[in-house]
Amino acid sequence: MTIRTRFAPSPTGYLHIGGVRTALFNWLLAKQAGGQFVLRIDDTDTRRNLDETLQPILDGFNWLGLDWDEGPEVGGPHAPYFQSQRLEHYQAAANQLLASGHAYRDYSSPEEMAAEREAAEKEKRDFVYSRTWMAESDEQAAEFESQGRSFVVRLKMPRDGKCEFHDLVRGDVSFDWGREADHVIQRGDGTCLYHLANVVDDHDFEVTHVVRAVEHLSNTPRQIFILQSLGYEMPQYAHIPFVAEPGSKNKLSKRKIDQYLNNKDFKRLYQAGAEIANRIGIEADPYSFNPVLVDFYRDIGFLPDAVLNYLVLLGWSLDDKTEDFSREEMLEHFSADRIVRSEASFDCQKLLSFQASYMNALPLKQKTKMCLGFLQKANLVSDPVACEQGELISQIVEAAGDRICMAGDILKFDTFFIADEDMEFDEKPFQKRMVKPANAGFLLAEFNKVLNVTDDFDAAALETTLHGFCENQGIGVGDVIHALRVAVTGKAAGFGMFDTLEILGRQRCCNRIQIALDELAKRVEANQ
RNA sequence: GGCCCCUUCGUCUAGUGGUCUAGGACUCCGGCCUUUCACGCCGGCAACACGGGUUCGAGUCCCGUAGGGGUCACCA
């Protein structure tokens with residue numbers, strides 16, 4: 001049997017990280033068995049612009065490399081894959097259910113329904129519809145209609161026995177039929193609802209494994225009732241735990257972003273992202289740009305494999321030790337029976353640590369390419385990039401090493417792309433390293449003279465030069481190197497000092513030191 | 001509230017009756033390295049929700065309690 005799974009997003013305009021985890025499990029299950037992963041768009045209830053609301057989701061999948069065998073853009077033997085274009089199938093199914101007596105026209109008014117519901121609640125019993133306005137024959141229907149009533153189609157659910165099925169994650173599950181409500185499957189206007197559409201599509205698309213979040217577990221009996229009534233074969237179900245909020249067991253929700261921002265790690269990640277976003281022209285409004293949404297990671301330069309690796313471990317594990325999974329390894333080892341039953345909270349730190357290690361393992365060339373994109377978006381280098389600049393960027397990326405965790409971090413080293421006269425000094429380190437030590441200015445000026453005439457200007461030679469200079473002056477390296485860093489980069493922290501000098505080159509170094517000394521003189525004057 | 005589900009370090013998890021004085025990872029805290037910031041290395045703190053059973057023996061099986069969550073739409 002070919003395994004066919006599906007992921008069925010509603011076009012909401014964004015791709016939720018929890019949704020991706022569900023999609024990933026579906027994708028893995030199908031792909032590892034040589035089966036197909038289908039993308040279906042659940043847009044029965046949307047009147048919004050599909051371009052705007054669907055494209056970000058498709059982009060997210062493309063970025064992650066979660067390819068679908070059938071669905072939007074690629075088509076397939078069961079096209080169309082949009083529910084909005086399959087309404088007649090659902091209507092036909094509704095009619096079939098009506099004809100076979102598994103559904104009925106219900107002429108109750110919303111108020112009458114509400115009254116029954118309330119009464120049940122008052123008496124503390126399950127709400128089961130009295131079926132007072134149920135019409136099973138055309139005569140009954142005509143009578144209700146003569147009273148000015150209109151109908152919806154409801155499922156005529158069994159009232160005895162149990163619905164039993166096996167779930168790949170939860171084991172044997174059973175529900176009492178008698179507690180299930182007669183759900184509406186077709187609205188007054190003739191359009192059909194989710195549960196019907198879902199069952200019909202899964203059947204038409206030949207989906208063999210329904211892998212979805214647990215919140216659908218309690219929907220399953222009514223879906224089973226529908227599919228059995230329609231004579232369909234039952235798929236394998238796997239209800240996976242949802243992804244929970246950082247630090248709680250509530251379902252992760254995009255809408256509660258304000259609350260998550262109170263979480264220290266979540267906030268730090270968001271702020272790091274926002275800093276990058278601000279520089280490359282992306283609006284960092286937390287409602288459209290935040291760590292719950294997949295775009296966030298793409299936009300600030302995460303590696304898709306790192307995100308996937310983190311996600312696969314959220315509710316699944318291979319053993320007691322293995323944590324690193326390439327795409328191939330995931331495909332090889334993933335199995336539904338090792339999916340955990342309890343919900344897992346989203347942990348930014350761990351995601352970040354995967355990102356750091358994946359980034360570190362990325363070949364320099366690719367890392368440079370990623371970083372280049374950010375420099376261009378921030379208008380720090382031209383597009384296309386000039387040849388000698390390309391070399392410079394590669395040097396910087398190499399020197400920065402693991403200080404670049406996400407590609408957008410390259411912007412922390414913008415000092416190399418700024419004209420000397422436009423460089424700004426961070427105030428705090430300037431005070432601490434330049435103003436406060438009495439001899440900083442003198443030492444820097446002296447060392448500048450040395451730099452001006454020293455023969456070789458590569459990192460190794462410069463290191464020797466500086467050490468020689470310190471020896472002559474009778475000082476430690478620490479006495480001058482901090483001021484040097486501030487003078488040359490404007491910042492307190494950065495990568496290796498000598499790499500920095502070499503990359504900048506003699507002229508720019510001397511130039512910047514002179515600017516820093518002038519700045520220092522101004523401060524001293526002002527203080528007197 | 002009814003129904004259903006879940007419960008091992010702060011977090012993700014390993015664990016299917018003895019090998020558990022509970023293992024790994026992230027975080028955190030020390031230390032080393034070091035010109036800064038990182039990385040790296042070494043070390044450390046830290047958990048079986050509780051109460052009853054069953055058993056020679058329970059994190060592991062059973063019952064109960066508590067806590068947490070999901071779901072109860074003419075949403076998906």
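Quick note on labels: first sequence line is chain A, next is B, and so on, each numbered from 1.
Residue A:Lys249 places its side chain closer to B:C12 than to any other of B:C12, B:C74, B:U13. Distance from the side chain of A:Ser345 is smallest to B:U11 among B:U11, B:G69, B:A76. Of the candidates B:A25, B:A73, B:A76, the closest approach to any side-chain atom of A:Glu323 belongs to B:A25. Comparing atom distances between the A:Asn219 side chain and each of B:A76, B:U13, B:C6 picks out B:A76 as nearest. For A:Leu314, the side-chain atoms get nearest to B:C12 when compared with the rest of B:C12, B:U27, B:A76. Distances from the side chain of A:Phe242 to the nucleotides B:G70, B:C4, B:A76 place B:G70 closest. Side-chain atoms of A:Asp42 lie closest to B:A76 of the nucleotides B:A76, B:C26, B:U13. Residue A:Asp320 places its side chain closer to B:G23 than to any other of B:U36, B:G23, B:A25. Among the nucleotides B:A73, B:A76, B:U35, the one closest to the side chain of A:Arg117 is B:A73. Out of B:U13, B:A76, B:U71, the shortest distance to the side chain of A:Ser317 is found at B:U13.
Here the CD-OG1 distance, from A:Gln83 to A:Thr191, works out to 12.0 Å after rounding to the nearest 0.5 Å.
Side-chain contact between A:Val480 and A:Glu446 is absent, with no heavy atoms from C-beta onward closer than 4.5 Å. The side-chain heavy atoms of A:Leu252 and A:Phe242, taken from C-beta on, include no pair separated by under 4.5 Å.
The C1' atoms of B:A22 and B:G67 are separated by 23 Å, rounded to the nearest whole Å. Comparing the C1' positions of B:C61 and B:C29 gives a spacing of 40 Å, expressed to the nearest Å. For the C1' atoms, the distance linking B:G69 with B:A49 amounts to 15 Å, nearest Å. Comparing the C1' positions of B:U8 and B:C4 gives an interatomic distance of 23 Å, to the nearest angstrom. For the P atom pair drawn from B:C56 and B:A14, the interatomic distance equals 31 Å after rounding to whole Å. A gap of 32 Å separates the C1' atoms of B:U35 and B:C45, to the nearest Å. Taking atom C1' in both B:C50 and B:U11, the straight-line distance is 23 Å, to the nearest Å. For the C1' atoms, the distance from B:G23 to B:A66 is 29 Å, rounded to whole Å.
Remark: A:Lys156 does not engage A:Asp106 in a salt bridge, criterion side-chain N to carboxylate O under 4.0 Å. Salt bridge annotation for A:Lys491-A:Asp414: present, with a cationic side-chain nitrogen under 4.0 angstrom from a carboxylate oxygen. A:Arg105 and A:Glu145 are not joined by a salt bridge, as no carboxylate oxygen comes within less than 4.0 angstrom of a charged side-chain nitrogen. Electrostatic pairing of A:Asp204 and A:Arg86 counts as a salt bridge here, judged by a charged N lying under 4.0 Å from a carboxylate O.
Here B:U11 presents its C1' atom at 5 Å from CG of A:Asp347, a figure rounded to the nearest Å. Here the P atom of nucleotide B:C75 and the CG atom of A:Leu193 are 5 Å apart, to the nearest Å. We find that CD1 of A:Ile339 is positioned 16 Å from C1' of B:C6, with the value rounded to whole Å. What separates CD of A:Gln91 from P of B:C74 is a distance of 18 Å, to the nearest Å. Between A:Gln186 atom CD and B:A76 atom C1' there is a gap of 18 Å when expressed in whole angstrom units. Rounded to a whole Å, the CG atom of A:Asp106 is 11 Å from the C1' atom of B:C74. Whole-Å rounding puts the A:Arg212 CZ to B:C75 P distance at 18 Å. Whole-Å rounding puts the A:Lys350 NZ to B:G24 P distance at 13 Å.
Across every strand in view, B:C32 sits in a pair with B:G40 that passes the Watson-Crick or G-U test at under 3.5 angstrom. Across all strands shown, B:G1 forms a Watson-Crick or G-U wobble pair with B:C72, both key distances being under 3.5 Å. In this structure, B:U65 and B:A49 make a Watson-Crick or G-U wobble pair, each of the two defining distances being under 3.5 angstrom.
Both A:Leu217 and A:Gln349 lie near RNA chain B, and the one whose nearest nucleotide falls closer to the 5' end is A:Leu217. Nearest-nucleotide mapping onto RNA chain B: of A:Glu215 and A:His467, the residue sitting toward the 5' end is A:His467.
A:Arg179 comes within 4.0 angstrom of the backbone, heavy atoms only, and of no base. A:Lys251 comes within 4.0 angstrom of sugar-phosphate atoms only, judged by non-hydrogen atoms across all strands, and of no base. Contacts of A:Asp402 with the nucleic acid, taken as non-hydrogen atoms under 4.0 Å apart, include base atoms. Nucleic acid contact for A:Gly188: base, since at least one base atom lies under 4.0 Å from a heavy atom of the residue. Nucleic acid contact class of A:Gly401 (heavy atoms, under 4.0 Å, all strands): none. Residue-level contact check: A:Tyr310 touches neither bases nor backbone, having no heavy atom under 4.0 Å from any strand. In this structure, A:Asn250 reaches the sugar-phosphate backbone alone: every heavy-atom distance under 4.0 Å involves primed, P, OP1 or OP2 atoms, never a base. Contact annotation for A:Arg341: backbone-only contact, meaning every heavy-atom pair under 4.0 Å involves sugar-phosphate atoms and none involves a base.
The side chain of A:Lys264 places no N or O atom within less than 4.0 Å of a non-bridging phosphate oxygen (OP1 or OP2) of B:U27. Contact annotation: A:Arg338 reaches the phosphate of B:G15 (side-chain N/O to OP1 or OP2, under 4.0 Å). Applying the 4.0 Å criterion to OP1 and OP2 of B:C75, one finds that A:Arg187 has a side-chain N or O inside that range.
Between the side chain of A:Lys321 and the base of B:A25 there is no donor-acceptor pair of N/O atoms closer than 3.5 Å.
For A:Trp316 and A:Phe325, the distance between ring centers is under 6.0 angstrom. Remark: aromatic rings of A:Phe354 and A:Tyr297 are distant, center separation not under 6.0 Å.
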